[in-house]
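Structure first, then comments.
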Amino acid sequence: MASSPEEPRFDGRGGKWIGASVRRREDPRLVTGRGRFVDDIHLHGMLHAGFVRATVAHGKITGLDLSATREVDGVVAAYSAEDLQLGDMVALLDRPPEEFTPTTMPILARGKVRFVGEPIALVIAKDPYAVEDGIEAAQVSYEVLDAVVSEETALAENAPLVHEDAPSNVLLDVTAFDTPGVDEAFADGCVIELVTRSGRQNALPLETRGAVASWDDRDEQLLVQTCSQVPHQVRTVLARSLRIPERSVRVVVPDMGGGFGQKCVVGREEIAVAAAAKLLRRPVKWIEDRSEALASGFLAREQRYRTRAAFTPDGELTALESDIVCDMGAYSCYPFTVGIEPLMAAAEMPSVYRVPAYRVRARAITSNKAPTAPYRGVSRPQYVMVMERIMDLAARRLGLDPVEIRRRNVITEFPYVGINKVTYDPGSYLESLELGEKILRDEGWYELREKNPYIGIGYSCFSERTGYGSEAFAKRKMTVVPGFDVSEIRMDLTGSIVVTSGTINHGQSHETTFAQIVAERLGVDLAKVKLRQGDTERISYGWGTFASRSVTIGGSAVATAATRLGEQLCVIAAHLLDTRVENVGLDGDGGVIQLDDPSRRLSFEEIADVAYLRSHLLPKEAEPTLTATAAFDVPGDGTFSNATHAVVVEADPGTGQVKILRYACVEDCGVVINPKVVDGQARGGIAQGIAGALFEEVTYAENGEPSAASFIDYLVPTAAEIPDITVDHLETPCAFTESGAKGAGEGGTIGAPAAVLNAVNDLLWRTGVQLEQTPIHPEAVLAALAVTDLADREKAGTGA
């Protein structure tokens, strides 16, 4: 088959699949409407499900009457927690009681509700309209309790307790580091102090959550088709909650329209729906509507950092101290717990800078809000914002250029063991910073800023820890420790290849990039390779997709399995060619050649013919069929991608609206498998980072009612608000992964808030006002500009 210029053949001499901008293999079906998502699934006799949800943020359930619901025309069943009798979810850390308090999350609320939107009862009906009628007919009464909706109310003396069995509303309290030299550095140095805050956000995947569950009497198995990033974890929790063997649960993930971390935890709704399907022996579908997703879906990001940093007069950072509080909502998410955000921040806050002394306290508080799940970046947008604001503020105080102070503090020698006991593998921290600055200077943005007082320039220099292996997760003392991944590869009689992975594609182009990895290893045409994911019956085990682990860990397992298959092919070929194994090799064109006589060659099809149909000709050491399995786990602390974001903004003096004029990203994710895919990941992540910097926020009334009931209330940027973004690649190969790649999934989101905030504060510097909170509200910008504009008018004698 002839290949296009964008899809070069691997000929074993020059062209390679790794590094080629191959067109996404997923796109033809997805953009033509031939994808298959959860809501596209229709089974014979299928029923529909919906949830009676709490209308108060904090209250005792004094009455729940579903009798009127069951009488609604079309309603088949209505279940309370007492009806289903399901096991609860409890996410645990192996930490002492003074550090961590676990919480129990019931599948349906029992006795008490803890946030608006918490599921109380499940309604099953013949169609979605009857479901809604049934939900409206349900009668729920409450004894309303005071709601905990802020850090201040959560930590106040005699505060109402979200969980009565917890000693306080602080569920995690860890002094992660307290190294020598902190106090001495603050006594002698230039001290920068700031308090930063970030607003609560919704991950907003295009496809909301959903599940279709059905019971198969013949297999005695519950099939749950759901949009989850972690199908094997869903299977485990389902089996435990329903008290059935794991072999009796099969979880399948079809095409998925985004997840961003919101779907990498186990939700309550899919368990309840599965339980109903098992009870009724009929398929049941639940699709979350957008108002549910906004009000009661897993949220993230609401954090406060109170930070001090000490510098020498020449700008060298000597100490860092921070007090971190993360509002984690009503419950610990499974399996990561409430520790997911504060522990991430405490462990990695030094970022790309040399920090000689470090003290950090990290707390997770519970509140009467929807629970927090990991969201693209997980605390890194917040602590990077802290570090990058510190650098800008210190530069101003010390009379240094913002890039220069970073240059003096950034890590340049690798491997580097940080004060946080993390080993950083080689990266291009300084190189990316200098290239980012060069882009803006060469394009004349600095000159334009001198002429226009409403233009600001900001930088963000950061690392993204990717490919967390089991050793890295174990340091958090999780009782459920993610890490490894497994892949199986199989070649059939036609030389075509099916490879499995425990990762889950929900926009990352796995079908393309993983096929490139296999094609590279075996020297076959890309069209010969098919990836299978998202089926717990076909993939032995997998931890799913999150934390930029897909190519680093899943891709490494795939590469290792492909290598082992290649070795099998060579063993069989050597036997058939009557030569030594050392004298054969893959020819890069779908075959094996004899090295000392390249004219002697066997195609993969010829080898497969023997392996399957004439196994009596195989050598004694070879088994029939062509299959191989491999597991992979990143050792130590994982690997670190890095980037610099360089941003130019302009503020409208009449409205305070901020417009991004230029956005340049210089990123290093090691060896780039597919540049187009990485560019897409970077741009998509930056768009989400800009959303957090300027637009998105869930706020709450004093009674705990969320503000975001629709997109009228929750401001989401459109294509008009997202600028053109350029992405430049540096490549520092990773020594730990099979392909030399590092993760690329979260970097865009991590760097954007800090870069945008620094750019806005750059133009506001003359006002004497600095903003330390995201999202940046136009009102705050306008108020800051008004201070200086009024002073200028008074000075000119043109206004009072």
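Model, not experiment: these values are computed from the prediction.
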Query raised in the report: Where do R235 and E246 land on the salt bridge (charged side-chain N to carboxylate O under 4.0 Å, His left out) test, with the steps shown first?
Result: CA-CA 7 Å; R235 181 183 68 179; E246 283 207 22; 2.9 Å; yes
Requested in this report: Start with the C-alpha distance between L586 and F604, add both sets of side-chain angles, then the distance that settles side-chain contact (heavy atoms from CB on, under 4.5 Å), and finish with yes or no.
Outcome: CA-CA 10 Å; L586 304 180; F604 288 165; 4.0 Å; yes
Query raised in the report: Between E341 and T372, does a side chain to side chain donor-acceptor pair (under 3.5 Å) hold up when you go through it step by step?
Result: CA-CA 9 Å; E341 288 192 341; T372 291; 5.0 Å; no
Requested in this report: Check step by step if side chain to side chain donor-acceptor pair (under 3.5 Å) holds for E270 and T226.
Outcome: CA-CA 8 Å; E270 54 206 340; T226 184; 3.0 Å; yes
Query raised in the report: Can you check ring-ring contact (aromatic ring centres under 6.0 Å, His included) on Y429 and F414, steps first, answer last?
Result: CA-CA 11 Å; Y429 301 171; F414 300 95; 5.2 Å; yes
Query raised in the report: Could you walk me through whether T337 and F100 pass the side-chain contact (heavy atoms from CB on, under 4.5 Å) check?
Result: CA-CA 10 Å; T337 79; F100 173 69; 4.3 Å; yes
Query raised in the report: When you look at I673 and V551, which way does the side-chain contact (heavy atoms from CB on, under 4.5 Å) test go after all the steps?
Result: CA-CA 9 Å; I673 307 296; V551 167; 4.1 Å; yes
Query - S540 and E488: CA distance, side-chain angles, deciding distance, side chain to side chain donor-acceptor pair (under 3.5 Å) verdict - result: CA-CA 9 Å; S540 59; E488 180 186 66; over 6 Å; no
Query raised in the report: When you look at Q533 and T503, which way does the side chain to side chain donor-acceptor pair (under 3.5 Å) test go after all the steps?
Result: CA-CA 7 Å; Q533 291 183 308; T503 60; 2.6 Å; yes
Requested in this report: Show your reasoning for whether side-chain contact (heavy atoms from CB on, under 4.5 Å) applies to V237 and I271.
Outcome: CA-CA 8 Å; V237 175; I271 297 172; 3.3 Å; yes
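The environment of R29 atom CZ is dense: over 12 non-hydrogen atoms of other residues, nucleotides or ligands sit within 6.0 angstrom. Counted within 6.0 Å of CZ on R490, heavy atoms from surrounding residues, nucleotides or ligands total 12 or fewer; the atom is thus considered open. Heavy-atom neighbours of E621 CD from other residues, nucleotides or ligands within 6.0 Å: above the threshold of 12. Heavy-atom contacts from other residues, nucleotides or ligands closer than 6.0 Å to CD of E582 number more than 12.
In terms of modelled atom types and a separation under 3.5 Å, the side chain of S548 and the main chain of G743 share no donor-acceptor contact. Here the side chain of Q229 pairs a donor or acceptor atom with the backbone of K263 at under 3.5 angstrom. Judged purely by atom type and a 3.5 angstrom limit, D425 uses its side chain to pair as donor or acceptor with the backbone of F640.
Salt-bridge check for R376 with E746: failed, with every basic side-chain N at 4.0 Å or more from each acidic carboxylate O. In summary, E738 and R521 engage in a salt bridge, as defined by a charged side-chain N under 4.0 Å from a carboxylate O. By the 4.0 Å N-to-carboxylate-O rule, R250 lies too far from E537 to be salt-bridged with it. Contact check on K421 versus D637 returns no salt bridge, with no Lys/Arg side-chain nitrogen under 4.0 Å from an Asp/Glu carboxylate oxygen.
Residues I244 and K278 meet the side-chain proximity criterion, which asks for heavy atoms closer than 4.5 Å. You'll find the side chain of L577 reaches within 4.5 Å of the side chain of L602, heavy atoms only. You'll find the side chain of Q508 stays beyond 4.5 Å of the side chain of F514, heavy atoms only. Residues T536 and P231 are in side-chain contact: their nearest non-hydrogen atoms beyond the backbone lie under 4.5 Å apart. Side-chain contact check for I607 versus V592: some heavy-atom pair is nearer than 4.5 Å. Between Q516 and N674 there is a side-chain heavy-atom pair separated by less than 4.5 Å. Using a 4.5 Å heavy-atom cutoff, the side chains of Y416 and T423 are not in contact. Using a 4.5 Å heavy-atom cutoff, the side chains of V610 and L618 are in contact.
Taking CD1 of I553 as the start and OG1 of T545 as the end, the distance is 10.5 Å to the nearest 0.5 Å. Distance NZ/K620 to NE2/H575: 10.0 Å, rounded to 0.5 Å. Taking OG of S550 as the reference point, atom CD of Q681 lies at 8.5 Å (rounded to 0.5 Å). Atom-to-atom distance recorded for R24:CZ and H510:NE2 is 10.0 Å, nearest 0.5 angstrom. Atom-to-atom distance recorded for S248:OG and W215:CH2 is 5.5 Å, nearest 0.5 angstrom. We find the CG-CG distance between L522 and L569 to be 7.0 Å, quoted to the nearest 0.5 Å.
Heavy-atom minimum distance, A373 versus V265: CB-CG2, 3.8 Å. The minimum heavy-atom distance linking R247 with E220 is given by the pair NH1-O, 4.4 Å. Nearest heavy-atom pair across V384 and S351 is CG2-OG, 4.3 Å. Among all heavy-atom pairs drawn from H729 and D679, the shortest one is NE2-OD1, 2.5 Å. The two residues G554 and D485 make their nearest non-hydrogen contact at CA-CB, 4.1 Å. Of all heavy-atom pairs between A364 and M328, the closest is CB-CG, 3.7 Å.
Using modelled atom types, one finds a donor on one side chain and an acceptor on the other under 3.5 Å when comparing Y375 with Q688. A donor-acceptor contact closer than 3.5 angstrom is absent between the side chains of T479 and D94. Remark: the T737 side chain and the S739 side chain contain no N/O donor-acceptor pair separated by less than 3.5 Å. No donor-acceptor contact under 3.5 angstrom links the side chains of D255 and H506, judged on distance only. When only modelled atom types and interatomic distance are considered, Y383 and E348 share a side-chain donor-acceptor pair under 3.5 Å.
In this structure, F484 and W543 have perpendicular ring planes: the angle between them is above 60°, well past the 30° mark.
In this structure, F336 has its ring center closer than 6.0 angstrom to the ring center of F546.
Each of I517, L526, V518 was scored for a side chain to side chain contact (heavy atoms under 4.5 Å, CB included) with W17, with one residue passing: L526.
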